[in-house]
Amino acid sequence: MSESCKIEVIGVSKIFRRDGKNVAALAETNLAVREGRFASIIGPSGCGKSTLFNIIAGLMPPTTGDVTVDGQSIVCRAGTVGYMLQKDLLLPWRTILDNIILGLEIRGEPRAKAVERALPLMEKYGLKGFDSHYPNELSGGMRQRAALLRTLLYDRDIMLLDEPFGALDAQTRLSMQNWLLEIWKDFGKTVLFVTHDIDEAVYLSDDVYVFSARPGRVRAKIAVPIERPRKPEDLTTERFMELKHHLLELLSEERDPAEEIS
Amino acid sequence: MSESCKIEVIGVSKIFRRDGKNVAALAETNLAVREGRFASIIGPSGCGKSTLFNIIAGLMPPTTGDVTVDGQSIVCRAGTVGYMLQKDLLLPWRTILDNIILGLEIRGEPRAKAVERALPLMEKYGLKGFDSHYPNELSGGMRQRAALLRTLLYDRDIMLLDEPFGALDAQTRLSMQNWLLEIWKDFGKTVLFVTHDIDEAVYLSDDVYVFSARPGRVRAKIAVPIERPRKPEDLTTERFMELKHHLLELLSEERDPAEEIS
Amino acid sequence: ALLTGCSPSMQTQGGSTELKKLVIAEPVHLSGYLPLYVAQHEGYFKDQGLDVKVIQATGGTHVTAVVSGDAWGVIGGVDSIALGNKNNSDPITAVCNCVNRANVYLFAKTGMVPKSGSEADLKEFLKGKTIVAGRHGGSPNLLTRYLLINLGLDPEKDVHLIENADASTVVAMLQNGNGDVGNGAEPQICEGISKGIWGEPFYKFTDLGDFSYSVISVKKSTIDKDSETVQKFVSAMKKALKAVQDDHEMAKKVLKQEFPTLSEDEIKASLDRAYADHLWSPDGVISEKAVTTDMDMLLKTGIYSGSYSFQTLVDMQFVNK
Amino acid sequence: MDAYNQESYCGAVRPAERESPKKEEDDAARSIETYDGELQDKKRRRRVLAGRILVGIFLFAGWELFTRIGWMDPYYWSSPSEILKTAWVQLTEGTLLRDIVYTSGSTVIGFVTGTLTGALLGLSFWWSKTYAGISEPFLIILNALPKLALGPVLVILFGIGFFSKAVLAFLMTVVTSAISAYGGVKSVDPALETLMVSLGAKRRQVFTKVVVPWSMPWIISSLRINIALALAGSIVGEFISSEQGVGRMIIYAGTILDINLVWVGVFVLSILSMLMYWGVILLEKWLSKRLAIISS
Amino acid sequence: MDAYNQESYCGAVRPAERESPKKEEDDAARSIETYDGELQDKKRRRRVLAGRILVGIFLFAGWELFTRIGWMDPYYWSSPSEILKTAWVQLTEGTLLRDIVYTSGSTVIGFVTGTLTGALLGLSFWWSKTYAGISEPFLIILNALPKLALGPVLVILFGIGFFSKAVLAFLMTVVTSAISAYGGVKSVDPALETLMVSLGAKRRQVFTKVVVPWSMPWIISSLRINIALALAGSIVGEFISSEQGVGRMIIYAGTILDINLVWVGVFVLSILSMLMYWGVILLEKWLSKRLAIISS
Ligand SMILES: Nc1ncnc2c1ncn2[C@@H]1O[C@H](COP(=O)(O)OP(=O)(O)OP(=O)(O)O)[C@@H](O)[C@H]1O
Ligand SMILES: Nc1ncnc2c1ncn2[C@@H]1O[C@H](COP(=O)(O)OP(=O)(O)OP(=O)(O)O)[C@@H](O)[C@H]1O
Ligand SMILES: [Mg+2]
Ligand SMILES: [Mg+2]
């Protein structure tokens with residue numbers, strides 16, 4: 001893949017052993033994302049999207065293949081990318097502020113400095129005044145914001161976001177999407193984004209990767225030709241509709257007959 | 001309202017007392033749904049949709065107003081409508097089959113007869129072979145089906161469905177919607193349906209009621225002019241887009257500044 | 001002796017820093033140990049430069065506490081010492097007598113009495129009876145078994161023994177009809193009589209004569225290494241034994257202090273019976289007969305096997321000085 | 001149930017005044033929860049209080065009455081007035097106060113040290129599954145060991161002084177505390193550990209920042225049992241050997257056949273154990289608040 | 001922790017072989033859970049078993065050795081061989097077997113009746129908040145009451161036979177069981193009650209179809225504590241008065257200062273209590289399966 005790729009996934013596959021049987025969760029997968037791009041991954045449930053993210057984040061070794069950032073392998077090196085897991089996963093016994101600076105704290109930064117960096121971000125991105133609240137006092141949307149800010153503050157060039165808005169209702173979701181685009185614009189991170197929602201994938205991304213059913217594999221890579229900045233109205237244009245149609249087709253071909261039995 | 005109305009909600013409001021203060025959850029609300037129609041309710045979170053359903057289902061008295069079915073008041077008479085609560089609420093210690101026949105069991109029908117009625121339904125509507133499974137062994141979609149079948153089997157002319165597909169991913173959701181339409185067609189029930197998803201409301205309904213923010217109140221009633229049977233492709237037509245646009249506008253006017261703070 | 005002028009109470013704490021602290025373990029808190037309490041309350045120990053603390057240790061642990069060194073001495077039967085000395089490299093030795101009679105009585109439900117005190121009548125009376133005997137291994141239980149065996153009865157077959165661990169339950173058991181005959185001492189006897197459950201005891205184990213029922217004992221090594229302290233302790237005990245014999249009023253007063261919730265009647269009954277049956281040793285001497293009877297009981301009831309010698313069990317050098 | 005009717009039911013079934021469900025997200029449930037609950041709540045609370053007091057008075061009055069007229073034998077049952085009198089005597093002339101202090105002292109010391117040690121032990125099991133696996137059966141054996149029956153052995157091990165009672169209270173609590181903490185450790189949400197690792201945390205950091213706070217509710221949940229166990233330990237310790245303490249007093253009262261005093265002991269112990277129970281509940285609340293622990 | 005390195009960590013942190021989180025929906029967590037877990041699991045399980053056996057052997061061998069060479073005084077500590085010998089004698093010539101049967105019998109009877117009665121009592125609190133509120137403090141008092149100290153009273157009430165031991169075991173269990181069941185009742189998901197009402201259920205139906213099955217895990221969770229309490233009750237009952245039973249044997253051994261026999265009693269009780277514990281775990285599993293109860 002091209003030289004200027006920020007992150008490359010090269011022939012990564014993953015086979016789990018369970019009850020003595022081998023379960024292929026991810027077939028050989030190749031991805032390459034250029035610096036500062038926003039790439040989405042969509043695919044049926046269980047196709048290995050989270051598994052791929054876990055491998056990139058260094059939480060588990062791939063069965064085959066390699067993951068490189070700026071050309072250097074980061075297999076099994078936790079902490080080199082920012083990773084927002086599928087759940088918001090705030091520590092319930094910590095205030096929102098303390099949750100947001102968790103990454104810095106782990107890295108050993110002094111609290112005062114961490115707070116100094118966190119507060120302006122919280123203010124700017126809609127968490128002003130919530131620093132001493134506890135996660136269970138916040139709505140789902142606010143919690144997602146906090147989790148995302150934590151990932152952001154962890155300050156890695158690459159951010160992996162695994163269905164960050166999956167649990168939100170439609171209206172909140174839309175405002176969170178705009179919020180995310182704003183952040184992305186401000187910080188210029190390279191983002192990998194998993195979602196089930198085609199609208200969301202198209203609205204946010206430069207590229208959309210469509211995965212096949214388990215074991216997952218890149219079935220298609222589609223560039224989104226809608227220029228930025230994007231507005232909610234773009235979701236109702238002809239161009240958008242076509243794209244959505246195309247993606248829906250790609251996906252529905254993937255669905256196997258036993259679709260709902262998880 | 002017209003004489004042929006199956007169910008009528010007349011001037012119903014609800015005020016809760018909490019910590020010594022009165023909280024208005026539902027402002028005076030009027031609804032009327034004709035027999036066999038499919039009506040959806042959309043509105044911001046906390047606008048009293050579930051409260052309204054609880055009142056209709058006879059679980060709590062309204063502060064003012066009346067609810068009639070075929071002209072007779074059903075205030076505080078639980079069991080006169082089928083009600084599917086916001087959660088799927090299957091009893092975890094019962095098999096799917098035993099969950100589905102729960103309503104009949106409570107009514108005192110002999111088990112053999114209840115099973116006889118349930119099994120064909122389960123077979124027809126995608127739960128074949130799952131009768132002796134337990135709820136926690138099923139996917140979210142399957143659980144929702146079971147809960148819906150239970151409501152269906154309870155065999156009331158009116159069914160209230162409170163966000164039945166809220167927790168499902170987009171793909172599963174679509175297939176569940178089609179499944180619901182199928183059932184509705186087969187049984188000709190009068191359905192009241194709450195959702196957060198505009199696409200869903202439009203795709204399913206004859207009428208869409210838009211509620212204002214708390215305390216909720218009917219802000220608009222929109223008829224959906226798309227003919228049945230509907231197909232997923234209808235979701236990308238011009239007509240649909242217009243409608244969606246309109247509803248989005250109605251809703252976004254409702255959103256107050258503190259939108260995300262639940 | 002550091003302090004002269006025997007003050008009857010314990011107010012004078014003057015030389016407390018120089019008092020030697022000793023712990024005596026007692027199996028129960030019992031009016032029978034009155035001389036020990038008298039020596040405490042009347043300052044006899046303090047006069048000897050001793051500060052004596054009494055600790056209750058149940059279920060045989062009163063002996064164990066001495067073996068392990070937690071207690072300096074123990075008050076209890078020579079029988080329990082003999083049992084504790086099995087396999088023990090540093091045997092415990094009795095140095096001073098206290099209760100010189102087997103302080104146990106047999107009583108029967110009102111209306112039941114043996115025809116006479118003769119052995120034959122006693123045997124006939126006891127045969128087939130249900131006897132509330134106290135916990136197996138304890139002195140009252142063993143004495144009862146001993147009596148039965150001496151009468152030619154088999155404790156396991158000819159009578160029904162109920163072995164309650166808590167001596168106080170005997171009142172309830174006889175009242176509820178759970179037993180015909182019970183054993184015990186004061187204050188149970190007085191209690192049962194006043195409630196009309198039983199009459200005067202029909203058999204007194206005090207009639208066995210000298211019996212090493214409660215003696216003060218210490219480790220052999222203590223005698224060897226610190227005979228001075230033992231001597232002081234025994235001297236105080238002797239003084240207390242004499243005082244108990246001489247001054248009934250003082251005895252009553254100390255008893256009242258030690259057992260504040262006992263009623264006047266109960267205290268009087270206890271003391272009267274004790275004096276009448278010569279409960280307390282007047283001089284601290286442990287006679288050979290006292291030990292023989294005690295050990296005979298252990299041997300006959302099968303609790304103890306093998307031999308014993310009076311010399312290793314008892315050391316009278318301090319009493320005799 | 002015959003008096004049951006639809007109309008009142010609509011109001012009455014509100015699962016209402018029960019403790020609210022763990023997660024408040026459940027709107028359907030919440031909405032029928034507190035309808036007019038406040039007013040009814042107040043009324044019921046007053047009724048409950050009155051009921052409690054009445055039942056209490058009845059019990060004591062009945063006891064006094066029945067023993068007076070002889071339906072209950074006052075010799076065994078004593079009577080509230082007699083018990084009060086004896087308690088007063090024991091308090092002013094006897095050593096009741098000293099006994100209470102003695103017993104409470106050893107209980108509290110054993111409780112605190114035992115719970116802390118046990119918690120640390122339980123938490124330590126997080127570090128190695130092998131170590132935890134090997135230790136588990138020994139914990140269970142220790143837990144099963146009938147400490148009450150160990151009289152002679154205990155005297156040898158810990159002597160007959162104050163210390164031995166505290167040790168027994170310690171022994172009674174340390175194992176349950178360890179088992180509870182281990183339960184917490186086993187239940188740590190693996191996703192949180194994953195999160196920590198994804199942020200580059202070392203094991204030590206995962207331990208202090210996730211495992212320990214996560215396990216706190218488990219540890220706290222063992223406090224209530226532990227205080228009772230610690231008290232039982234102290235008392236049994238005093239049964240075996242003691243110069244002071246409420247346990248000794250009861251044994252002593254038994255041997256001198258002072259049933260009044262036995263009852264005094266029983267009541268003092270009950271009150272003591274209830275006071276300690278309340279103390280622990282306050283402690284729990286305080287801890288939960290300080291640690292911002294949300295229902296386990 | 002010094003040996004810690006990134007490479008191995010990646011494999012090692014898998015919160016992995018822990019018990020899986022309650023709800024399996026948590027994919028992010030599950031996905032890093034069992035990578036190659038099986039193989040490692042097997043190895044570790046073997047290591048753990050070996051460790052347990054080794055530690056056990058070491059303990060006993062050390063005990064035997066130290067008492068032989070005199071580092072531990074065999075007078076108190078006896079020694080495994082002596083204890084075995086005494087146990088054998090007691091088993092063949094004495095009454096050990098009969099004692100075990102006697103103690104187990106009263107324990108099991110008390111346990112079963114106590115747990116059932118307590119569960120019913122606890123469940124009954126669902127019917128009226130007022131009734132439950134009034135009863136609660138009395139339950140707590142009963143729970144706090146030191147039943148061990150009630151010796152004389154218990155003898156009056158229940159006599160001295162086998163029955164009185166079973167009654168004491170019953171008393172020990174009934175209160176905890178009631179408190180547990182009440183805990184279950186209090187935690188019933190109000191949404192489920194709402195559901196039942198929406199289906200037109202009567203209170204009786206809500207009770208039998210929701211409250212009872214919902215509370216089962218709570219009731220079951222009290223079983224483990226209860227079996228231990230029942231055993232303690234039986235033993236204390238035997239301490240107070242008995243003709244048979246392991247408790248009596250220990251008291252007897254203590255009184256005649258037969259340390260070997262004390263140790264035999266301690267071991268027999270430990271084994272008994274562990275067997276019963278296992279039995280209860282099996283019972284729990286069976287009940288949970290039959291009632292299809294999914295982690296509470
Ligand atoms: N029992 C109650 N006591 C007090 N307030 C209540 C109660 N039940 C609901 N409310 C309040 O009434 C309002 C309406 O609640 P309701 O659950 O009907 O909203 P909803 O429209 O269903 O929201 P959602 O879309 O999130 O399900 C909310 O603000 C809620 O907090
Ligand atoms: N630790 C594991 N052991 C065995 N199988 C696993 C493990 N983790 C994940 N799997 C399986 O691998 C497959 C891929 O899982 P993964 O969580 O990556 O899917 P996903 O694409 O993220 O799904 P979703 O969209 O539901 O989040 C699934 O079938 C899953 O059951
Ligand atoms: Mg996933
Ligand atoms: Mg709702």
Side-chain angles (χ1 to χ4, degrees), chain C residues 23-32 52-72 74 84 134 164-172 175-176 184-192 194-197 255-263 266-267 270, chain D residues 70 73-78 82-83 85-96 99 102 148-165 236-245 247-265:
Chain C
V23 172
I24 299 292
E26 59 178 7
V28 284
H29 203 61
L30 206 62
S31 59
V52 174
K53 209 160 77 170
V54 176
I55 282 187
Q56 254 178 28
T58 52
T61 55
H62 58 303
V63 176
T64 321
V66 178
V67 176
S68 69
D70 275 297
W72 178 81
V74 56
N164 54 321
D166 194 337
S168 58
T169 52
V170 66
V171 183
Q175 185 175 34
N176 289 359
E186 291 295 355
Q188 287 106 302
I189 304 172
C190 160
E191 200 76 53
S194 68
K195 285 176 67 65
I197 299 171
L255 207 55
K256 181 80 197 151
Q257 276 175 353
E258 277 295 316
F259 302 87
T261 57
L262 275 191
S263 72
E266 286 167 321
I267 286 178
S270 294
Chain D
D73 187 339
Y75 175 70
Y76 306 115
W77 286 104
S78 189
E82 278 301 315
I83 293 170
K85 226 182 288 168
T86 311
W88 181 248
V89 170
Q90 189 68 10
L91 202 64
T92 49
E93 295 168 37
T95 55
L96 187 55
D99 287 333
Y102 188 89
L148 291 80
L150 281 172
V153 181
L154 289 173
V155 168
I156 298 156
L157 289 174
F158 313 115
I160 50 174
F162 178 81
F163 179 67
S164 71
K165 279 97 218 158
V236 169
E238 289 171 9
F239 280 0
I240 295 170
S241 69
S242 187
E243 33 153 4
Q244 289 180 34
R248 191 203 91 118
M249 188 183 91
I250 290 177
I251 286 276
Y252 157 76
T255 50
I256 65 161
L257 250 143
D258 188 338
I259 305 281
N260 291 333
L261 196 55
V262 171
W263 279 107
V264 170

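Everything numeric in this text was worked out from a predicted model, so none of it was measured. Labels below follow one simple rule: chain letters A, B, ... track the order of the sequence lines, proteins then strands, and each chain is numbered from 1.
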Whatever's closer than 4.5 Å to a heavy atom in chain D on C/Thr58 counts as both
Counting heavy-atom pairs under 4.5 angstrom with chain D, the leader among C/Gln257, C/Gln175, C/Glu266 is C/Gln175
Correct closest heavy-atom pair for C/Gln56 and D/Tyr252 would be NE2-CB, 4.0 Å
To the nearest 0.5 Å, atom OG of D/Ser164 lies from atom CG of C/Asp70 at 8.0 Å
Turns out that what part of C/Val54 lies under 4.5 Å from chain D's heavy atoms comes down to backbone
Cut-off 4.5 Å, heavy atoms of chain D, and the answer for C/Val23 is side chain
From the list C/Glu191, C/His62, C/Glu26, the residue making the most non-hydrogen contacts under 4.5 Å with chain D is C/Glu191
Applying a strict 4.5 Å limit to non-hydrogen atoms, the region of D/Ile160 in contact with chain C is both
